[in-house]
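Side chains are part of it too, since the values below use all heavy atoms of this structure and drop only hydrogens, waters and symmetry mates.
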Amino acid sequence: MQPDVLTAFRAWQRRAHAALPGLPGGPPLALADVVPLTVQVDQPRAPSPTSLAQAIAAGPPGLRLALRGPAGSGKTTLARHLAATAEEAIVVYLPGWRLAEGHPFDVIQADMRAACGPRAALGLADALRAAGPAVCVVVDAAPSDRFELRGLGHGLGEPKLVALTRENLLESGTFGDFWEGRLLPLEPAGQATLLALHAGPDADRLGRHLARTEGLHRLARVPGALALFAADRSPRLPTRPVQVFQRTLDALLAPLADPAAARRVLQALALALYETADADWPREVVIGTLDALGRGEVVGARAPFADDLRPPRGAIAGWLAATGLPAARLFLRRAGEATGLLAEAGGRWRAWHPALLDTLYAEHLARHGRAIIAGRARELGDSPRFERVLARTAELAPRPVGVLSALSDARTRGVALRTAGVGPRALCARRGMVDILDALARRFAHHPPGLAYLRSLAHPGADLERCAQVHHALTAIGQGEPDADFFARIGRPMPEHCPLATVAVPGGRTVVGPRYVHLSPYRLSRTVVTQGELRALDPTATAAASDDHPAQGVTWYRAWLYARWVGGRLPTEAEWEHACRAGTEGPWSCDEDALPDHAWFSPSGAWLPVQPVARKRPNPWGLYDMHGNVWEWCADWWRPWAFAEERDPQGPADGILRVIRGGSAQSGAGDCRSGARIGYGPGAAPTAGGFRVVLPAEPATS
């Protein structure tokens, strides 16, 4: 009986996942025709697979894989494609919200019974349990709580588990027995295939437009956004990402009787619900919000749409009051059925595409002016999702500078800056625009007047932090001056000889995190740079207790500038860990009992002040204070651990946080381990934060 029911189940899965819903104005898409999506799986036991099917086949019985990707990266398409086409594994596909209904095998059996009749699914759950490692459960939009997800994995037993989740929900290194992977952006070949699928004969014209339009270049790497772009049939092609999403909203709402009024209601609904979990709301919350809007109430103390709600000026309240709450509920259902913008399933409402919800929110913020935008940025500025809304708002706002200055995330600023249509002078004149110069330099890499203006910001009387940011920004795009010329121009000529005492660090194969890497030899400063050493470049540096204390409260940019000033650079993360381990492979470069003799740290959690350098014993290679005393900046952007062996790894090309290592006098022993790492914003100045300098290895002598 079991083989028969499993055969029937696989046939039903293929039928259920044969097609994806069509885009606005287009037919459903056959899953067999969709663009193949590439995955990267970080696991140490085999080469990284390039497809989800390969990852599942290579995985051991009981495989646990957390696969991440941003909104629109194709996670749902990938999972449904696997369910429809898998030949070896028996794939059980479930949306994440269905996990609350019971064990995945019981839930899928109930679904098949409802679709095919009670006898068709008889014994399916037992057959799936008996099939063991031949079964793979794929959970789409998996829970963000790692304990809930690990509990699901333990409850499954031998069957494999793939959890698809948003990029920012599951932090790397938190699962233990989970492999971790990510969906990679679309490469040019995949972009061309997707355009041909959606745009037909227009594909070449759209591809050329994407290639020459700076604001759309990154959008093309996201399958969901690129599909929306390809579905647009407007005579004038969009030039900014937000226009793609606005036109999609136009097409989705066009079938409704009053699209403009419906859009205002959806904007208000987006604002009222935005602070709840991940665009996924219980039915009663959505209906209750509509009810409150209909009564003219402000939903949430911070809601910035009071003028739209309160009579007699309340456009939304007036529309809902005129139609009545039952009609409003009917509108919500109609909007979901006719447009796919909202969808109800299992008593919950979900947004059709997060970028569209972001756009609705941004449209409302842009209409309400800079004061409301700044207020919301202060209240929700730490939310990565709200940063995306502000980036969209910067594209829509008449004066985008105020929006950009409210953004706390440098990468989000860079995305907004490329599309906001604002010049360098207006942005650089704003106070507090930390990290914006990197984004400005990238935007104006081929704009000589813009580059000249940026270069003029570094001069003899300029703040050293601003000089550091200017030099770094221009150097990163290949437009920087030679170091000697730059420091001479700002009135701080480089010393003839490096003033730092250094230790020769041997190269070779070494442990870094969960992998081995190959490093070339180099020299590393024997201690962190001291207050006295930093004052030679920056006489205004904040005074520590004495000149032999570490230079504290230093931003990554200032550390980078000092390293260039003495003719060196910051260590890569791999170089730092290699030097810290000093040939050992344990948690510290000494035994745990000997750690107090080597490191300033806080075993009891009490606050301890930073101490002068080189007062404890050095590590086996003669380097002092590698564990504790102050955190130390590295050159790399922070990223999840990689597993492949590399030679002289440099880290990713961009990011949000820079790596900082080693722990401090206020840290416990665990944070002072050789492999411990955290990320910190490069414009921040951690109180117990310092740095070392790498210099080239001395030439060999005969």
Side-chain angles (χ1 to χ4, degrees), residues 171-174 503 505 510-514 524-531 544-545 548-556 559 570-639 641 651 657-682 684-694:
E171 278 296 330
S172 178
T174 57
V503 170
V505 178
T510 184
V511 173
V512 174
L524 185 65
S525 55
R526 186 168 61 99
T527 69
V528 293
V529 173
T530 65
Q531 185 71 24
D548 61 352
H549 274 68
Q552 301 169 236
V554 180
T555 68
W556 184 91
L570 293 178
T572 66
E573 186 176 16
E575 289 170 336
W576 189 96
E577 184 169 334
H578 176 52
C580 182
R581 290 188 180 277
T584 68
E585 293 193 5
W588 304 275
S589 62
C590 59
D591 293 334
E592 185 172 4
D593 293 343
L595 189 60
D597 297 329
H598 290 261
W600 297 105
F601 69 106
S602 177
S604 64
W607 186 90
L608 295 177
V610 171
Q611 301 294 320
V613 302
R615 299 296 173 90
K616 296 276 189 176
R617 295 176 63 183
N619 75 3
W621 287 350
L623 296 161
Y624 289 89
D625 302 317
M626 293 297 294
H627 303 296
N629 208 17
V630 290
W631 292 94
E632 300 182 22
W633 287 113
C634 295
D636 304 50
W637 290 107
W638 190 94
R639 67 171 175 182
W641 279 123
L657 306 174
R658 293 283 184 178
V659 173
I660 194 166
R661 289 293 215 113
S664 72
Q666 292 92 51
S667 302
D671 285 339
C672 299
R673 290 177 294 114
S674 301
R677 63 200 295 261
I678 61 173
Y680 224 84
T687 303
F691 65 100
R692 294 177 194 258
V693 175
V694 165

Can Asp671 and Trp631 be said to form a side-chain contact (heavy atoms from CB on, under 4.5 Å), step by step?
CA-CA 10 Å; Asp671 285 339; Trp631 292 94; 4.1 Å; yes
Apply the test side-chain contact (heavy atoms from CB on, under 4.5 Å) to residues Val505 and His578: give CA-CA distance (whole Å), side-chain angles for both, the deciding distance (0.1 Å), then the verdict.
CA-CA 9 Å; Val505 178; His578 176 52; 3.6 Å; yes
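Thr530 OG1 to Gln552 CD: the interatomic distance, rounded to the nearest 0.5 Å, is 11.5 Å.
Annotation: cation-pi geometry not satisfied between Arg658 and Trp638 (NZ/CZ under 6.0 angstrom from ring centroid, within 45° of ring axis).
By the side-chain contact (heavy atoms from CB on, under 4.5 Å) test, Ala574 pairs with Val512, Val517, Leu519, Thr572, Pro649, sequence neighbours left out. The side chain to side chain donor-acceptor pair (under 3.5 Å) check on Arg677 picks up Glu573, with sequence neighbours excluded. Residues forming a side-chain contact (heavy atoms from CB on, under 4.5 Å) with Ala685 (at least two apart in sequence, or on another chain): Thr555. Under the rule for a side chain to side chain donor-acceptor pair (under 3.5 Å), the partners of Ser664 that lie at least two apart in sequence or sit in another chain are Ser667. The side chain to side chain donor-acceptor pair (under 3.5 Å) check on Trp600 picks up nothing, with sequence neighbours excluded.
Taking each heavy atom of Gly681 and Leu657 in turn, the nearest pair found is N-CD2, 3.6 Å. Nearest heavy atoms, Leu570 versus Phe691: CD2-CD1, 4.0 Å. Scanning both residues, Cys634 and Trp576, for their nearest heavy atoms gives SG-CB, 3.8 Å. Of all heavy-atom pairs spanning Pro682 and Trp633, the tightest one is CA-CH2, 4.4 Å.
Taking the six-membered ring for Trp and thresholds of 30 and 60 degrees, Trp556 and Trp637 have nearly parallel ring planes, at less than 30 degrees apart.
Annotation: salt bridge (Lys or Arg N to Asp or Glu O under 4.0 Å) contacts involving residues 618-636, sequence neighbours excluded, comprise Glu632-Arg692.
With hydrogens and angles disregarded, a donor-acceptor distance shorter than 3.5 Å links the side chain of Arg661 to the backbone of Ser674.
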For a quick test of your reading: what N or O donor-acceptor pairs under 3.5 Å do the side chains of residues 583-592 make, sequence neighbours left out?
from   : atom 1 : to     : atom 2 : distance (Å)
Thr584 : OG1    : Arg581 : O      : 2.6
Trp588 : NE1    : Ala669 : O      : 3.2
Ser589 : OG     : His627 : NE2    : 3.2

Do any side-chain atoms of residues 605-621 form donor-acceptor pairs under 3.5 angstrom with protein atoms, and if so which ones, sequence neighbours left out?
from   : atom 1 : to     : atom 2 : distance (Å)
Gln611 : NE2    : Pro609 : O      : 3.1
Arg615 : NH2    : Asp548 : OD2    : 2.9
Lys616 : NZ     : Pro596 : O      : 2.6
Asn619 : OD1    : Trp621 : N      : 2.9
Asn619 : OD1    : Gly622 : N      : 3.2
Asn619 : OD1    : Leu623 : N      : 3.1
Asn619 : ND2    : Ala579 : O      : 3.0

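For the side chain to side chain contact (heavy atoms under 4.5 Å, CB included) test with Leu524, the passing option among Val503, Val693, Val694 is Val694; the others fail.
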